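Below is one structure, written out as structure tokens; comments come after it.
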Amino acid sequence: MTHDIKELLQDLSEDAPGAERIDLDRQIGKGRALVRRRRRQVAGVSLVLTAGLVVGVNALPAGPPAQSQTAIPAPADRVLTKSSAKDLMLVAASYQTRAETTAGKFYRTRVLDADTSFRTGSGAAAYTVEQRTITETWFAADGSRMWFGVRKLGARPATPADEAKWRAAGSPTSWAIEHPDTASGKPITISGAASAPTLSAASGAAAKFYLGSPVGLTFQQVKELPTDPALLRQRLLRDKPSGTPEAKWLPVMLSKLLLDLPTPPQVRATAFKLLAGQPGAVVTSRVQDALGRPGTKVAWAGGLQLIVDPASGQLLSLATTDKPVQHLLLQSTWSNETPTAPPTAIR
């Protein structure tokens, strides 16, 4: 860390909430799912966190890819001191206010979902199939309309070892898989071919954002979310269901601010400052996300996992521990381009 970064952290740390503000000592259970399913409902522009939490536009099921996918060997996980994890989150907070254009006709987010929850075959011949999906969301600057774009990029063996088993199985181009998200219990079919893209628009009452409450927020209300850490924490906890531990609820709400909503840079910076105040983070250096981008992973007891570029503070990917899915942030910025369906290119 350079001398300049140290000075930056000293300045930022004055706003970071102390650990005493958030009680993370409560036992929240091992392996509990934060998010069960990601469902898009274009008509209502809402999604449901099926563990009982209504969270809005893009609920976040996720989890890290298999360790074999990490091309750069990572050292054993180690629990760093509070200041170690805190420093990385404060650098990320600073990045939010430095890196983004704040004017344009539309706010555009572009995310790649890399889902490795699909298993096929049996016994020693079983292997994992990864399905990649691009999702784009466009928000008009005046808050009047929003657009959802989706394109499945096709499925493929997840790792070189999986590819070898796939070849031994005859190199199939589609798979009938019994998937845990299939409510009917019947197998679903996934294809190696890319799908045709879709682009759907919503306006009026449908063009709202959901942050822990069935009462949606307007674009203006999202822009007016608090930039003070204590006030933002208070706002996010306002709709916490009774009996849900704060250690589970708060990280999910913060993850939505970082990835899903058209959140202003200062609010996203505040979200990182709140994360900086939570102790007990497990930090793993020298990892890669599903696109091979190098970074540092920070995982909290509540299940949230982030991969961040430690040099710049840029958020690369977000996951939770209940499912092997990474949400990779490709773009989050204002744009004057016209909303279009996602292309096949990953950019």
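Since the structure is predicted, the reported quantities are computational estimates derived from the model, not experimental observations.
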One pair to check against salt bridge (Lys or Arg N to Asp or Glu O under 4.0 Å): Lys240 and Glu246. What are the steps and the verdict?
CA-CA 8 Å; Lys240 182 179 72 68; Glu246 179 179 317; over 6 Å; no
All heavy atoms of Ala341 vs all of Thr198, minimum pair found to be CB-O, 4.0 Å
Side chains of Ile307 and Thr296: does their closest heavy-atom pair fall under 4.5 Å?
no
Looking only at heavy atoms, what is the nearest atom pair of Thr109 and Ser332, with distance?
CG2-OG, 4.1 Å
Can you get from Leu258 to Met253 by hopping between Ile, Leu, Val, Met, Phe, Trp and Tyr side chains that sit under 4.5 Å apart?
yes
Intermediate values then yes/no, salt bridge (Lys or Arg N to Asp or Glu O under 4.0 Å), Arg235 and Glu224
CA-CA 11 Å; Arg235 169 63 183 84; Glu224 293 173 353; over 6 Å; no
Gly295 and Pro310: which non-hydrogen atoms are nearest, and at how many Å?
CA-CD, 3.9 Å
What distance do Leu274 atom CG and Leu250 atom CG have between them, rounded to the nearest 0.5 Å?
6.0 Å
What's the shortest heavy-atom distance between Pro343 and Glu136, and which atoms?
CD-OE2, 3.8 Å
Report yes or no: is the cationic atom of Lys223 (NZ for Lys, CZ for Arg) closer than 6.0 Å to the six-membered ring centre of Phe219, at no more than 45° off its axis?
yes
Euclidean distance, Arg167 CZ relative to Glu163 CD, rounded to 0.5 Å
4.5 Å
Over all atoms of both residues, closest heavy-atom pair of Lys152 and Thr133:
CG-OG1, 3.8 Å
Tell me if a side-chain donor or acceptor on Arg268 pairs with a main-chain N or O of Thr263 at a distance below 3.5 Å.
yes
Can you establish whether the number of heavy atoms outside Gln331 located under 6.0 Å from its atom CD is more than 12?
yes
If hydrophobic residues (ILVMFWY) are linked whenever their side-chain heavy atoms come closer than 4.5 Å, directly or via other members, who joins Phe106 in its cluster?
Trp138, Trp147, Leu199
Taking atom CH2 of Trp166 and atom OG1 of Thr173, what is their separation to the nearest 0.5 Å?
9.0 Å
Do Ile346 and Leu291 come close enough that some side-chain heavy atom pair is under 4.5 Å?
yes
Would you sort out whether Leu306 and Met89 count as a side chain to side chain contact (heavy atoms under 4.5 Å, CB included), showing the intermediate values?
CA-CA 10 Å; Leu306 304 180; Met89 291 300 95; 4.2 Å; yes
Within the distance-only criterion (no hydrogens, no angle test), does the side chain of Ser94 pair as donor or acceptor with the backbone N or O of Leu90 below 3.5 angstrom?
no
Any donor and acceptor pair, going by atom type alone, linking the side chain of Arg145 with main-chain N or O of Ala207 inside 3.5 Å?
no
Is it possible for you to say whether Leu112 and Phe118 belong to one hydrophobic cluster, with membership spreading through side-chain heavy-atom contacts below 4.5 Å?
no
Main chain of Thr218, side chain of Gln221: is a donor-acceptor contact present, judged purely on distance under 3.5 Å?
yes
Same cluster or not: Leu261 versus Val267, using hydrophobic residues (I, L, V, M, F, W, Y) connected whenever any side-chain heavy atoms lie under 4.5 Å apart?
yes
Check this for me: does any side-chain nitrogen of one of Arg132 and Glu130 sit under 4.0 Å from a carboxylate oxygen of the other?
yes
Donor-acceptor contact below 3.5 Å, side chain Thr227 vs main chain Gln266:
no
Where Ser317 and Asp289 come nearest, the two heavy atoms and their spacing
OG-CB, 4.0 Å
Is there a side-chain contact between Val111 and Leu259, using heavy atoms and a 4.5 Å cut-off?
yes
Could you go through the side chain to side chain contact (heavy atoms under 4.5 Å, CB included) check for Val129 and Asp162 one step at a time?
CA-CA 8 Å; Val129 177; Asp162 293 317; over 6 Å; no
To the nearest 0.5 Å, how far apart are OG in Ser285 and CG in Leu88?
10.5 Å
Heavy-atom side-chain contact between Pro342 and Arg110 under 4.5 Å
yes
If you measure from NZ on Lys273 to CG on Leu254, what distance do you get to the nearest 0.5 Å?
13.5 Å
Residue pair Thr344 / Ile134, side-chain heavy-atom distance below 4.5 Å:
no
Should we count NZ of Lys105 as having more than 12 external heavy atoms under 6.0 Å?
no
Same apolar cluster (I L V M F W Y, side chains within < 4.5 Å links), Ile188/Tyr127
yes
CA sep, side-chain torsions, deciding dist, call: Leu236, Leu257, side chain to side chain contact (heavy atoms under 4.5 Å, CB included):
CA-CA 10 Å; Leu236 296 178; Leu257 295 180; 4.1 Å; yes
Please tell me if the side chains of Gln326 and Asp115 come closer than 4.5 Å, counting only heavy atoms from C-beta onward.
no
Could you walk me through whether Trp175 and Thr189 satisfy the side chain to side chain contact (heavy atoms under 4.5 Å, CB included) test, starting with their C-alpha distance in whole Å, then the side-chain angles of each, then the deciding distance to 0.1 Å, before giving a yes or no?
CA-CA 5 Å; Trp175 300 264; Thr189 299; over 6 Å; no
Between Lys297 and Gln305, is any pair of side-chain heavy atoms under 4.5 Å apart?
yes
Between Tyr95 and Phe272, ring centroids under 6.0 Å
no
Should Leu304 and Leu275 count as side-chain neighbours, where that means a heavy-atom distance under 4.5 Å?
yes
May I ask whether Leu318 and Leu330 are part of the same hydrophobic cluster, defined by side-chain heavy atoms of I, L, V, M, F, W, Y residues being less than 4.5 angstrom apart, directly or through others?
no
